[in-house]
Every structure is written in C-alpha cells, then in structure tokens.
Amino acid sequence: MTTKSAAAAARATVYGYPRQGQNRELKKAVEGYWKGRVTADALQDTAAGLRRRNWRRLAEAGVHEVPTGDFSYYDHVLDATVMVGAIPERHRAAVDADALDGYFAMARGTQEVAPLEMTKWFDTNYHYLVPELGPDTVFAADSAKQVAELKEALAQGLTARPVLVGPVTYLLLAKPAPGVPADFEPLTLLDRLLPVYAEVIADLRAAGAEWVQLDEPALVQDRTPAELNAAERAYRDLGALTDRPKLLVASYFDRLGDALPLLAKAPVEGLALDFTEAAAANLDALAAVGGLPGKRLVAGVVNGRNIWINDLQKSLSTLGTLLGLADRVDVAASCSLLHVPLDAAAERDIEPQIRRWLAFARQKTAEIVTLAKGLAQGTDSISGELAANRADLASRAGSPITRDPAVRARSAAVTDADARRSQPYAERAAAQRAHLGLPLLPTTTIGSFPQTAELRTARADLRAGRLDTAGYEERIKAEIQEVVSFQEKTGIDVLVHGEPERNDMVQYFAEQLTGYLATQHGWVQSYGTRYVRPPILAGDISRPESMTVRWTSYAQSLSDRPVKGMLTGPVTMLAWSFVRDDQPLGDTARQVALALRDEVGDLEAAGTSVIQVDEPALRETLPLRAADRAAYLAWATEAFRLTTAGVRPDTQIHTHMCYAEFGDIVQAIDDLDADVISLEAARSHMQVARELAAHGYPREAGPGVYDIHSPRVPSADEAADLLRTGLRAIPAERLWVNPDCGLKTRAWPETRASLENLVAAARTVRGELPAS
Ligand code: GLN
Ligand code: ZN
C-alpha cells in the first residue's frame with residue numbers, strides 16, 4: 001500500500017441517516033397507520049419517499065456509497081430480529097397473520113401479549129427492542145426488507161451498501177426468552193445464526209451489493225475471551241464464504257480494544273473505526289498490528305453524535321496518519337447519523353453566527369465530503385472550506401456565551417460538604433415518616449400525566465400567538481386541577497401536578513436556563529415514533545429565576561396530600577442534551593447542578609416536602625468500557641448530591657430511573673443518597689428489586705408495576721403479583737408502588753384504568769401484610 005494511492009482512493013460515506021424526514025413524516029404515517037387513518041400502502045409509500053429523498057440528498061452532497069437497510073418503521077434491531085426469523089413464540093400468530101401488524105405487535109404489545117423489552121442502544125438515547133432467544137430458537141433468513149431497500153437505491157442509479165446489525169452484536173444484545181433459564185447465553189447460538197447471515201449476505205450479493213456492512217458496536221465494550229473468540233469465528237466463517245460481497249465490519253461509540261487485532265486479521269475486506277473520542281486508542285492499536293494491509297479502512301472522524309462543527313484541520317491530520325495504515329481510507333461519521341437532527345440550516349431562530357457552530361446530519365455529510373476531497377485531491381482543493389471552518393471555530397471559542405465568570409467562580413468554590421445531606425439516612429427517614437404520615441406501600445406516579453392533544457395544541461397556539469399567556473395558563477391550571485382531583489379520587493398517596501406545562505423534561509428546563517440553546521426542528525429518534533429535540537449546552541449555565549415553583553405550589557394549594565416537586569437531574573440534563581465538547585462533562589454537570597440546587601431550595605421554601613430529581617439517564621451515560629466508569633460516576637453522583645443535599649432532613653428526596661438492567665450501577669445509585677428511588681421494573685418482573693436487595697440497598701424503592709411503554713392496561717391482579725414479588729426482595733416499610741415511568745405518552749382512558757388497578761393492588765397487598 002502507498003500513502004498516495006490510499007489518499008487518491010478516499011471517498012465519503014455514512015452508516016445511516018435520520019429516518020423521520022424534515023417534518024417527521026414517518027412519525028405521522030406510522031401513528032396514522034396505528035390509528036387506522038393511513039393504509040399500509042400509504043405508509044409504505046411515505047417510507048419509500050423518505051428513503052429516496054435521503055439517498056438523493058446524500059448522493060448530491062457527494063457521498064460515494066449510500067447506506068441501505070438502516071431505515072426502519074420502528075427499530076433496526078427489531079428489523080434484525082425479523083431478518084433472522086427470531087420471532088418470539090407469543091408473537092408468531094400475529095406475524096403470520098400480517099407481517100406489518102405483527103411487527104408493530106412485537107414493538108408495542110397488544111392487549112393480549114406483551115411487547116419485546118426495550119432498552120438503550122449503548123450509551124445513546126436511542127432505544128432498541130431486545131431480541132429474546134433460547135436454546136429452542138430456530139433462525140430462518142428473511143432478507144426481504146434488506147434486499148428491497150438495496151434494490152430501491154440501486155434503481156436510483158446509486159452505489160449502495162447494505163448495513164446490518166452484525167451477528168455477534170445481535171446475540172450480545174439479546175436476552176433469554178421468557179421461560180428460558182436466566183443464565184442462558186444467546187451467544188451460544190452463533191453457529192446457528194451464521195448460516196442465516198450467510199444467506200442474507202448471499203441474497204444481497206445476488207441483488208447487486210458489492211459491499212455489505214456488518215455493525216458490531218458490541219465489540220467496543222469489554223468482552224470476555226469467549227466472546228472475542230466468537231467474534232473471531234464469526235468473521236472467519238463469514239469471510240470464508242464463496243461468492244460473497246466484500247464485508248465491512250463497523251465499530252463505533254468507543255475504541256475497539258482487544259477486538260481490533262482479531263478483526264484486523266479476519267478475512268474481511270474492510271474495517272470501520274471511531275476516530276473521535278476513541279481516536280488515540282484506535283490509532284495506537286492500529287499501528288500496533290501493523291495497519292490493515294490490503295483492507296479498506298473507514299475512518300469515523302466526524303462525530304456522529306454531537307452537533308458541533310468538526311475541526312477539519314485536526315481531522316485531516318488524523319486521516320493523514322491513517323493513510324499509511326490501510327490500502328484505502330474512506331471518510332465517515334463516527335456512527336450512524338441517526339443520533340443527530342437533520343439540518344442545522346432549518347434553525348432560523350438561532351442567530352446566524354451561532355448557527356455556524358452547528359453541524360447536523362446534513363452539515364456533517366458536507367464535512368465528510370469535504371474531508372474526503374481534501375484527502376483525495378489535496379488541501380488546496382478545500383482551502384475555502386478550511387478558512388471558513390477556522391473562522392467558525394474561533395468565533396465559538398471567543399464568544400461570551402461560552403464563558404461566564406460568575407458561574408465559573410461559584411463552581412470553583414464548591415466543597416465536599418455542599419454535596420452531603422446534614423443527617424444520616426436513618427434519622428432523615430424517621431423525620432420524613434413523622435412529617436409525611438404515609439401508609440405502608442405508598443402509591444405515587446413518576447410525574448407526568450397524559451400530554452393530551454388539547455395540551456399540545458394549546459402550546460402550539462401559544463407559540464403561534466393564537467393564544468395569549470393568560471389563556472394558556474388557564475389551560476394549564478385546568479389540567480392540573482383535573483390531574484390532582486383524579487389522583488385524590490383514586491386514592492394515590494403522593495401526588496404530582498402532572499407536568500402539563502412541560503413539552504419535554506429536559507427542554508423545559510433548558511429553555512429557562514441561560515447557556516442553553518433550543519432548536520425548532522432538531523428532532524432525534526428516542527424510540528419508535530417518539531422523537532425528542534435535545535437542547536444544546538452551548539455555554540456556561542445559570543438560572544435567572546425559579547422554574548417550577550409556581551405550578552407545584554398551585555397543585556399543592558388544591559390538596560392536603562403532599563405534592564411532589566419535579567426536577568430533571570444534572571446528569572440527565574447532560575445526557576439528553578447535546579453537550580459541549582470544549583470542557584470536561586463533569587464541569588458542565590456541576591454548573592447545571594448548582595442551578596438546580598437553587599431550584600430545590602426554592603421549592604422547599606415554598607412548602608414542598610417531597611422533591612423528585614429524575615436521573616433516568618444515569619446509566620446510559622455510563623462509559624462503555626469499565627476502565628472509564630469510576631471517573632464518570634464520581635462526577636455524576638456528586639452533581640446529583642450537589643443538587644439535592646441542601647434540603648432539611650424532613651424533606652424527602654426522590655429520584656427516578658427507567659431502564660431494566662441496572663446491576664452495574666447499584667453502588668452509584670446508593671451513592672446518590674436519595675431517600676426514595678422509583679425504577680422501571682414491570683417488563684423485567686421486578687428484576688431491579690432483587691438487584692437492590694442483593695446489594696443491600698438501605699433506602700426506599702418503588703420498582704414499577706405498570707409498564708407505561710405500551711397502551712396495555714395491567715390488571716389489579718397482575719400488579720398485585722408484581723408487588724408480592726417486590727416484597728420478597730424489599731420489606732414493606734421500604735417499598736413504594738408506582739408505574740415504571742411518567743405517563744405523558746399514554747392516553748387518559750388507559751392511564752385512569754391502570755392507576756385505579758395500581759391503587760387496588762396496593763390496597764390488596766397491604767391487607768396481606770402481617771399486622772405489626
Ligand atoms: N418526571 C418525568 C415524567 O414523569 C420522568 C420521565 C422519565 O423518567 N423519562 O415524565
Ligand atoms: Zn422514567
């Protein structure tokens with residue numbers, strides 16, 4: 001290989017593109033289909049149109065090889081489940097009756113059957129549906145979707161590369177199916193799965209694929225020798241197939257570590273590596289194995305998950321180093337562009353100068369193309385782009401938005417004592433019991449109530465000037481009245497105001513904090529048809545005035561029962577925003593924590609005796625490699641304690657998290673020192689309760705008994721059974737009764753029925769407790 005020929009061959013590519021369309025057309029079509037307002041044909045047309053537009057846009061921007069198969073109606077891991085035929089038994093009939101309806105049944109459940117479990121895709125805010133496998137799983141290839149989408153792209157006259165979830169990652173993301181022993185390891189199915197992949201790959205070859213990309217992000221996590229062996233075997237076997245397309249194995253989100261040498265040696269034609277945060281480690285590892293002679297290296301130098309412009313000069317220098325290490329070096333984003341919004345140019349409300357600091361999918365694509373051109377034709381060919389990039393980087397670094405001296409001084413003065421409650425837990429708990437007077441197994445909810453169409457319309461009307469502030473606030477008040485009276489009538493013990501004024505739990509605060517930027521169209525898929533608009537942590541953070549006291553106090557004025565104050569915690573504020581890339585995350589977290597600490601103080605002063613600080617994102621931000629975790633958890637837990645530790649002993653601090661697997665952060669949850677934690681647990685049958693118990697968790701906990709990710713109403717018996725399961729792990733004195741998460745995505749009828757059942761279950765199980 002020569003550096004020169006590697007450079008001349010450089011091309012631009014991406015692994016995936018946002019699916020929704022500029023106006024979230026996909027969301028509207030899919031939800032319309034669910035409601036029976038959109039036919040299957042119309043849905044398919046909308047989807048095909050979106051794919052066509054994305055490909056055309058990529059090709060016109062100068063991307064050489066467009067990705068196919070990354071599109072999804074709901075989730076690409078669920079698509080992989082369909083592709084390998086791993087349909088769970090309980091969904092088989094629905095899938096056989098109608099493939100599309102069966103697909104959505106797996107995703108969302110039906111009144112009769114539960115959906116697949118959902119969990120976070122690595123350390124992102126995207127959620128995938130967890131494959132369920134067992135020793136009896138029979139795989140069968142179904143390449144229809146992959147082949148059809150490849151053919152669509154080829155028919156447009158484009159060079160296209162199908163992108164598949166790789167077989168090792170697929171198995172490592174799976175869990176034992178219901179009824180299968182918990183220690184079953186899906187990876188043991190590898191030998192059965194590989195022939196299915198071989199078949200799909202052969203079908204793609206027959207349909208015209210020159211290259212097929214197999215995504216193996218699971219290999220950037222710490223893997224056991226057995227798992228690494230499996231990866232080695234997988235690519236030895238797939239590589240040994242005859243008459244196959246060239247294979248590109250893609251890794252992203254972190255360094256490849258021990259998996260790098262074995263993939264470098266594997267009989268595949270290409271390797272994609274993350275050269276953003278993991279750049280140094282991947283470069284060293286690549287150099288150590290003597291590069292990738294004879295192979296194609298796809299270099300993810302443009303960060304695929306933040307929204308800041310690339311430092312083009314720096315990327316060029318990384319690429320320059322890589323040129324000596326492979327036969328061909330292509331330029332890409334570090335991961336699929338699924339995790340960023342579509343187009344920064346659409347953000348008309350952001351000052352043009354600041355908008356120039358931002359790069360969404362469309363701008364990142366342009367950066368990738370520019371870099372590939374610079375590599376192939378020399379930096380002179382991109383001198384204009386380089387000069388503009390230098391100016392934009394300088395404008396950002398020198399802006400007063402970026403640095404506020406008062407915020408920096410306060411942050412620097414924080415002491416350990418600021419992050420510690422004034423009394424140990426046992427004393428606080430007694431004071432809280434006396435102050436709150438709650439029954440055993442107290443019932444509560446996680447905060448939000450249904451965000452009805454009327455509420456969303458009212459917010460849109462307010463924005464558009466069709467409704468004045470007074471009119472809007474009347475709507476909010478009416479909603480809070482309804483939510484409070486429903487909870488009182490239903491017999492819930494600790495009430496919430498329902499968060500009707502909040503569009504989104506992060507955005508609501510971001511809009512009120514100085515230093516944050518909001519977007520108008522910056523939608524990113526969270527799960528299925530749910531999209532969020534992550535705000536942008538652009539500068540130093542401060543709180544001009546109280547953010548939540550008014551509505552919490554209003555709700556409290558309507559009831560004698562305690563109303564919980566509701567805040568989003570500092571770690572989640574970071575995790576669900578686009579973060580700064582110009583200072584350590586811990587520094588940003590501390591700034592946010594100090595602003596929230598003032599809010600907690602204001603709530604307490606206004607008479608709020610229960611304050612919940614949600615940290616649903618604590619775990620997803622956990623670094624993928626164990627070696628990086630302690631440092632993260634230190635700043636993350638400190639930021640939570642800094643937010644909450646200033647309160648009186650009899651003020652009860654709650655926190656909330658929602659994900660199922662949770663064993664690896666129990667210690668961190670303990671370190672938060674919150675008095676009560678509510679957790680997602682319904683789909684995993686109270687697994688977290690057992691994990692907390694095994695750890696010896698000393699404080700109160702509410703593992704969820706109502707799965708809110710689906711419209712299904714749990715019966716009172718079902719909820720009671722879950723509670724009894726919970727009681728086997730957590731004593732009645734410390735067990736709370738609540739749903740898995742907030743109810744904002746649910747409709748009122750199912751919410752009403754479910755919460756009534758939840759309260760009935762609590763009453764039933766209270767009646768079964770031994771009298772004390
Ligand atoms: N309080 C928030 C709500 O109920 C928590 C949401 C979450 O954990 N994602 O909506
Ligand atoms: Zn939640």
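Keep in mind that the numbers below use all heavy atoms, side chains included, and drop hydrogens, waters and symmetry copies. Each ligand, and each atom within it, is numbered from 1 in the order the structure gives. In this text, all values refer to a predicted model and were calculated from it rather than measured experimentally.
Interface of Lys744 with ligand 1, defined as ligand atoms under 4.0 Å from a residue heavy atom, comprises 10 (O). Residue Gly742 approaches ligand 1 through these ligand atoms, each under 4.0 Å from one of its heavy atoms: 3 (C), 4 (O), 10 (O). Close approach of ligand 1 to Cys658 is summarised as follows: ligand atoms under 4.0 Å from at least one heavy atom of the residue are 8 (O), 9 (N). Close approach of ligand 1 to Cys741 (heavy-atom distance below 4.0 Å) involves ligand atoms 6 (C), 7 (C), 8 (O), 9 (N).
Using a 4.0 Å cut-off between heavy atoms, Trp576 contacts ligand 1 through its side chain alone, with no backbone atom that close. Counting heavy atoms closer than 4.0 Å to ligand 1, residue His656 contributes side-chain atoms (C-beta onward) but none from N, CA, C or O.
With sequence neighbours left out, Asp675 forms a side chain to side chain donor-acceptor pair (under 3.5 Å) with Arg421, Arg428, Gln432. Phe449 pairs by the ring-ring contact (aromatic ring centres under 6.0 Å, His included) definition with Trp748, not counting sequence neighbours. Remark: Asp75 engages Val77, Leu78, Tyr126, Tyr128, Leu129 in a side chain to side chain contact (heavy atoms under 4.5 Å, CB included) (not counting sequence neighbours).
Minimum heavy-atom separation, His654 to Trp736: CE1-CH2, 3.6 Å. In terms of heavy-atom proximity, Val737 sits nearest to Val705 at CG1-CG2, 4.2 Å. Across all their heavy atoms, Ala575 and Glu620 have their closest contact at CB-OE2, 3.9 Å.
Only protein N, O or S atoms were considered, and those under 2.8 Å from the Zn ion (ligand 2) are His656 NE2, Cys658 SG, Cys741 SG.
Using modelled atom types and a 3.5 Å distance limit, the side chains of Gln612 and Thr655 yield no donor-acceptor pair.
Remark: Arg533 fails to qualify as a cation-pi partner of Trp576 under the 6.0 Å distance and 45° angle criteria applied to the six-membered ring.
Considering both main-chain and side-chain atoms, Ile446 comes within under 3.5 Å of ligand 1 through a nitrogen or oxygen pair. For ligand 1, the polar-atom distance check finds no N/O of Gln612 at less than 3.5 Å from any of the ligand's N/O atoms.
Distance from atom 6 (C) of ligand 1 to its nearest protein heavy atom, with residue and atom name: Met505 SD, 3.3 Å. Ranking protein heavy atoms by distance to atom 4 (O) of ligand 1, first place goes to Ser448 N, 2.8 Å. Looking from atom 5 (C) of ligand 1 to the surrounding protein, the closest heavy atom is Asp614 OD2, 3.3 Å.
With Lys27 contributing its side chain and Thr529 its backbone, the two residues share a donor-acceptor pair below 3.5 Å.
Note on ring orientation: taking the six-membered ring where Trp is involved, the planes of Phe253 and Trp121 are perpendicular (angle over 60°, cut-offs 30° and 60°). Below 30°, between 30° and 60°, or above 60°: for His695 and Tyr697 the angle between ring planes is between 30° and 60°, a tilted geometry.
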